[in-house]
Amino acid sequence: MSGRKQLVLWLLIVGGFLVVGFREGATTITWVLAAVAGAGGVANYLATVVKPSATTSTDAQVDDAAAALANKVRQQWDKELRARALVEDKRLPVRCRPLYGGSETERTCDEVVSAYVDDPHRMVVTGKSGAGKTGLLILLALAVLRRQSSRSVPVILSVSDWNPRQNFQEWVLEAVLGEYPFLASEKRYGPTAVLELLRRGRLLLLLDNLDQMGAEPDTSALRTIERDLDSGRPFVLACQSGYFAAANAAGTIPDSDVVVLLPFRPEEVVDHLRSRIPQVAVDRWEPVLEELRENDPSPLGAALETPFMLTLAQDVYSERGSKPADLLELTDADAMRAALLRDFPRKALDERPGSPTDHEPSSRAPGWDLDRQVDWLTFLAREYGEIAWWELVSKVPRWVVVARGVLVGGGVSAVLGLLLLGLFGRPVLGLVVGFALGAASGALLARVPAEPPRRFAFRRLRGVEVARDLVFAVVGAVAGAVAVGLVFGGLPGAVTGLVFGVLFGLVRRFTELTDPAGIITPTSSLHDDRKAVLTATGLGAALGTAVGAVLGGVVGVADLGLVVPVTDPLLVGALGAAVGLVLGAGGIGLATYSTSACGRYDTARIWLALTRRTPLRLMRFLHHAHQRTVLRLVGPTYQFRHELLRKELARPG
């Protein structure tokens, strides 16, 4: 018999004891038997789900994990390819050469990608900030995925938050699971899927942002990567030229493995602009084109020598009436770059009328004040390097999280207490007890650490996670025992508390990280997390309905002071079921929501809106900024289009 069927059987046994105890006025022994039966059933069920599972993932599970990861990576970067204008007909002609080579060894990035796919090896890509290093990694990832014979799945990981004192392979495991959390599903992929992918050489690591690890280059980083990765394992590392030269002072990475992305020559900038500028805009751009043709080198040529800055200039001066010649009034390249970075968010976010054929509200101009939008982006740039919606609460004072837990928990529980005890002529007691119980539970649950977005699904238990679930079990047990005990007495309250405690714990346990079906985006991960809370609320409603129906229809409330003039057992049972539905849904729903990722996100967005740092509809604003290319998507998180843009926005003053 399966674990779930055995659990149902035990619950039926418990129900039988309860009916006997209520209808026949049985002694304490009946209630003890009910409690023991319930505990036995739960223990028997947990034994079926806690039993040791396989210690490693099977070959089939590893293959499934690789296929799911490849599909996710392809979807993720195909979309970003279009957003970054990296599709073949729009791609800028970036050139590169080996570090030791001369001009005769120059190749296009497409040629480098093709050669690398044919012969994967260790390679470092360097260049100036904005030279196109991340773009090259994206092209490499998609090219490897298109190669049918490749068993390796490319993953682009930012090493900016890695500490070289941590084993690099250990960090890779954490980073891959953080970026692609669905791989943690033991039911689908076993307990060691990511470890096996790494161990078997089925992950091609494309490592970005080494230069963002700190202001000063860490010379131990490259040695640690070389030491911790298996000898000969292919990988690609992207880093700014100056930072890499300092970090590689000991010669850890041979020059022959380093490729340098070259800046655009002035004539290349002219050719590109002439090919992309509409004919009606040529007159506006002519002073810029003339400066580039006649003066080499020039500050303007230095400012526009990278793909990022050249694309930014096109975006800033794309509107009719704009004056690209304003750049010529600035005296040096740094001032020109700063002006483009400063003007871009305002140009991108400037409200323009939506298409009359566009019926999607999220894609229409939201009507926010432009200055406020820039202020919101400035705050996000200063406080968050990466905008993960479930981590926004990290900038909210702890007392605010606790206070919201107390107010929401106490307020909702006070209403539930009023509903229950008010039916028996004790509304004030219901308000007081409900608020006290809800406030205490809210304060307790507010201290439980926040978790990443989750979805509702059955899964095995693991001992290391039980402690957190016990917090929810205790909250459920106390709430159920107090609510029922105040009306029906101590023993019925204790048994009901046991049942609710078990369900609270199981509801908390039966969640797992987001599934790989479709592209995981900030919006989809938020919806999944909210669905998990709603599912838990529905389970609470079902249990509350059953308990309320038994207590009202089977036990009866004739001698308990029911103020509603209903005597028919069926009607009383229906009333009990209705009250139980509200209490069960409210109790479990509130407990689950208070510690969910979406619950903490709501706390953060409300607090940040009250302090005028971000809008109340924060997710819509982030989506809007992404549509206007100020932000980019990296899995379920947002990042600024480029680190240069984030730094400019975060600059004081």
Side-chain angles (χ1 to χ4, degrees), residues 53-81 113-114 116-123 137-159 162 167-208 225 228-237 452-453 455 457 459-460 512-521 524-525 528 633-637:
S53 57
T55 57
T56 60
S57 300
T58 65
D59 291 345
Q61 288 174 322
V62 174
D63 289 339
D64 289 344
L69 178 60
N71 183 57
K72 172 63 178 66
V73 171
R74 183 182 295 105
Q75 291 177 325
Q76 175 185 5
W77 296 117
D78 264 339
K79 186 174 183 179
E80 198 64 19
L81 192 77
V113 168
S114 179
Y116 188 89
V117 172
D118 290 337
D119 179 26
H121 55 280
R122 297 192 170 191
M123 181 172 72
L137 294 185
I138 295 174
L139 293 174
L140 268 172
L142 293 173
V144 171
L145 290 172
R146 285 193 295 268
R147 178 61 60 92
Q148 298 295 325
S149 60
S150 176
R151 286 175 54 82
S152 296
V153 182
V155 288
I156 301 177
L157 302 175
S158 173
V159 298
W162 169 55
N167 180 277
F168 189 68
Q169 292 202 55
E170 179 185 351
W171 175 84
V172 168
L173 294 177
E174 296 174 358
V176 172
L177 283 172
E179 187 74 22
Y180 307 101
F182 63 84
L183 292 174
S185 173
E186 293 187 14
K187 181 179 179 181
R188 292 192 175 196
Y189 310 119
T192 60
V194 179
L195 177 61
E196 291 302 319
L197 288 173
L198 181 62
R199 180 182 293 160
R200 301 180 188 188
R202 300 194 62 180
L203 292 180
L204 175 60
L205 303 180
L206 307 180
L207 308 171
D208 201 5
I225 293 175
D228 292 345
L229 289 182
D230 299 335
S231 177
R233 177 191 293 273
F235 67 79
V236 180
L237 176 67
R455 69 180 182 90
R459 68 188 182 106
R460 293 184 182 276
E512 61 182 21
L513 296 166
T514 308
D515 191 85
I519 301 176
I520 301 175
T521 65
S524 70
S525 60
D528 283 342
L633 271 179
V634 180
T637 66

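Positions are given from 1, in the same order as the sequence printed here.
Of all heavy-atom pairs spanning Q76 and E179, the tightest one is NE2-OE2, 3.5 Å. Nearest heavy atom pair, residue L139 against residue V113, reads O-CG1, 4.0 Å. In this structure, P191 and S57 approach most closely via the heavy-atom pair N-OG, 3.5 Å. The two atoms that bring V172 and L157 nearest to each other are CG1-CD1, 4.4 Å, heavy atoms only. Taking each heavy atom of P154 and A141 in turn, the nearest pair found is CG-O, 3.3 Å. Across every non-hydrogen atom of A65 and L197, the tightest pair is CB-CD1, 4.3 Å.
Within the 4.5 Å cutoff, the side chain of L229 has heavy atoms near those of the Q169 side chain. A 4.5 Å side-chain heavy-atom check between L205 and V155 finds at least one atom pair inside the cut-off. In this structure, L145 and W77 have side chains that are not in contact, with every pair of non-hydrogen atoms separated by 4.5 Å or more. Looking only at side-chain heavy atoms (C-beta outward), L69 and Y189 stay at 4.5 Å or farther from each other. Within the 4.5 Å cutoff, no side-chain heavy atoms of E196 are placed close to those of D63. Residues R233 and L198 meet the side-chain proximity criterion, which asks for heavy atoms closer than 4.5 Å. Residues R199 and V62 are not in side-chain contact: their nearest non-hydrogen atoms beyond the backbone lie 4.5 Å or more apart. You'll find the side chain of W171 stays beyond 4.5 Å of the side chain of D228, heavy atoms only.
Screening residues 140-155 for salt bridge (charged side-chain N to carboxylate O under 4.0 Å, His left out), with sequence neighbours left out, gives D118-R147.
Between L183 atom CG and D64 atom CG the span is 11.5 Å, to the nearest 0.5 Å. Expressed to the nearest 0.5 Å, how far CG of L140 lies from OG of S114 amounts to 10.5 Å. In this structure, L142 CG and L137 CG are separated by 11.0 Å, a value rounded to the nearest 0.5 Å.
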side-chain contact (heavy atoms from CB on, under 4.5 Å) assessment of Y180 paired with V73: CA-CA 9 Å; Y180 307 101; V73 171; 3.7 Å; yes
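In this view, E170 satisfies the side chain to side chain donor-acceptor pair (under 3.5 Å) rule with no residue, not counting sequence neighbours.
The aromatic rings of F168 and W162 sit perpendicular to each other, their planes meeting at more than 60°, with 30° as the lower class boundary.
Salt bridge status for D59 with R200: present, with a side-chain N to carboxylate O gap under 4.0 Å.
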